[in-house]
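Below is one structure, written out as structure tokens, with a few remarks after it.
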Amino acid sequence: MDISLATWNINSVRLRMPLIEKFTAEFKPDVLCLQEIKCRNDDFPEKPLRKLGYEHFAINGQAGYHGVAIASRIPFHDVSIREFCGKGDSRHVSVALGPEKKPVVVHNFYVPAGGDEPDTAKNEKFAHKLDFLTEMTDWFGDPKAAHSDRMILVGDLNIAPLETDVWSHKQLLKVVSHTPVEVEHLSRVQASVSWQDAVRTHISPDEKLFTWWSYRARDWVTADRGRRLDHVWLSPGLGDACTTIDVVKDARGWQKPSDHVPILARLSL
DNA sequence: ATGGTGGTCCTACCA
């Protein structure tokens, strides 16, 4: 089974339907994983998505903030939502794709951004971010959770782990998203099931690579002060199933853009 | 240099 899967922090799904139309027309992903949909389940734009061929939905919405969803051309089963840190935030949804006998579980995450100050004593949002990552590590590492050995983890993890994942390693060492303590927490999540970073398998870690550019820059193209906050990871059971990765940088320049761009992964399962 | 912009839903809060 060959499938293509995209992950995109859309920053309000209702406002960005024209962008989703443009992106899906050009890249035709079978599975679309969205973060920051910023709407309730009932307000999710199922109708226009159905017209684009996405007829299967797994939505974990929330009014105003956060919210994740999976829209798919391929039927799925076992929709599951996990709540993290007992906060009632909508930051995870998963589905099982393909044959019931040998499914592939897709986990779609929106990790907390963590506020401005990288100090857990002064900033409870930063503490929440680290706690969230620890809970991810514990959950994926828990044998009782009985996770599949064929899993894809995608989403806005709000951490740029490598030096080449930010425009300036030195200048961002104390900036939330690239601090050593966050990178350490993320690497523990990664180690919990030996997740493989599919994006960096296909695009050399020597190369600067970003998926997010702030709205606050005067000229995002020229300044190019981006960060790689969005990720596609594969569990070892999927081996080298990922055949191509595209980071659609162009999307940052489209009309009324999200501050994140989509990543498209093609997989041979 | 402590702003800068953009989302939700109307007033602050979040990114």
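Only this structure's heavy atoms are used, side chains among them; waters, hydrogens and symmetry mates stay out. The structure displayed is predicted, hence computed values, not measured ones. Sequence lines set the chain letters: A, B, ... in the order given, protein chains first and strands last, and positions in each chain run from 1.
- Only the P atoms considered, dC9(B) is 25 Å distant from dG4(B), to the nearest whole Å.
- Between the P atom of dC9(B) and the CG atom of Leu15(A) lies a distance of 11 Å, rounded to the nearest Å.
- Checking dG6(B), dC9(B), dG7(B) against every side-chain atom of Ala63(A), the shortest atom distance belongs to dC9(B).
- Here the nucleotide nearest the side chain of Tyr65(A), chosen from dC9(B), dA15(B), dC14(B), is dC14(B).
- Nucleic acid contact for Arg91(A): sugar-phosphate only, since backbone atoms but no base atoms lie under 4.0 Å from a heavy atom of the residue.
- Using a 4.0 Å cut-off, no side-chain N or O of Arg225(A) falls inside it from OP1 or OP2 of dG4(B).
- Going from atom CD1 of Ile159(A) over to atom C1' of dA15(B) covers 15 Å, rounded to whole Å.
- Counting only heavy atoms from C-beta on, Lys125(A) has its side chain closest to dA15(B) among dT8(B), dA15(B), dC9(B).
- Nearest-nucleotide positions on DNA chain B for Asn158(A) and Pro257(A) put Pro257(A) closer to the 5' end.
- The distance from atom NZ of Lys256(A) to atom C1' of dT8(B) is 12 Å, rounded to the nearest whole Å.
- Whole-Å rounding puts the Glu36(A) CD to dT8(B) P distance at 11 Å.
- Ring planes of Trp233(A) and Trp195(A): tilted class, angle from 30 to 60°.
- Cation-pi geometry between Arg227(A) and Trp212(A) is not met: the NZ or CZ atom fails to fall both under 6.0 Å from the ring centre and inside 45° of the normal.
- Ion pair Glu21(A)/Lys51(A) not flagged as a salt bridge, since none of the NZ, NE, NH1 or NH2 atoms sits closer than 4.0 Å to an Asp/Glu carboxylate oxygen.
- For the C1' atoms, the distance from dA15(B) to dG3(B) is 16 Å, rounded to whole Å.
- The CD1 atom of Ile10(A) sits 13 Å away from the C1' atom of dG7(B) (whole-angstrom rounding).
- Under the 3.5 Å distance criterion, with hydrogens and angles disregarded, no donor-acceptor pair is assigned to the side chains of Lys129(A) and Asn158(A).
- Across every strand in view, dG7(B) sits in a pair with dC13(B) that passes the Watson-Crick or G-U test at under 3.5 angstrom.
- To the nearest angstrom, P of dC9(B) lies 12 Å from CG of Asn11(A).
- One atom, CG of Asn123(A), and another, P of dC14(B), lie 11 Å apart when rounded to the nearest Å.
- Between Ala217(A) and Gly115(A), it is Ala217(A) whose nearest contact on DNA chain B lies nearer the 5' terminus.
- Between the CG atom of Asn9(A) and the P atom of dG6(B) there is a distance of 16 Å, given to the nearest Å.
- Backbone-only contact: Arg16(A) has heavy atoms under 4.0 Å from sugar-phosphate atoms and none from a base.
- With salt bridges taken as basic N to acidic carboxylate O contacts below 4.0 Å, none links Lys87(A) and Asp131(A).
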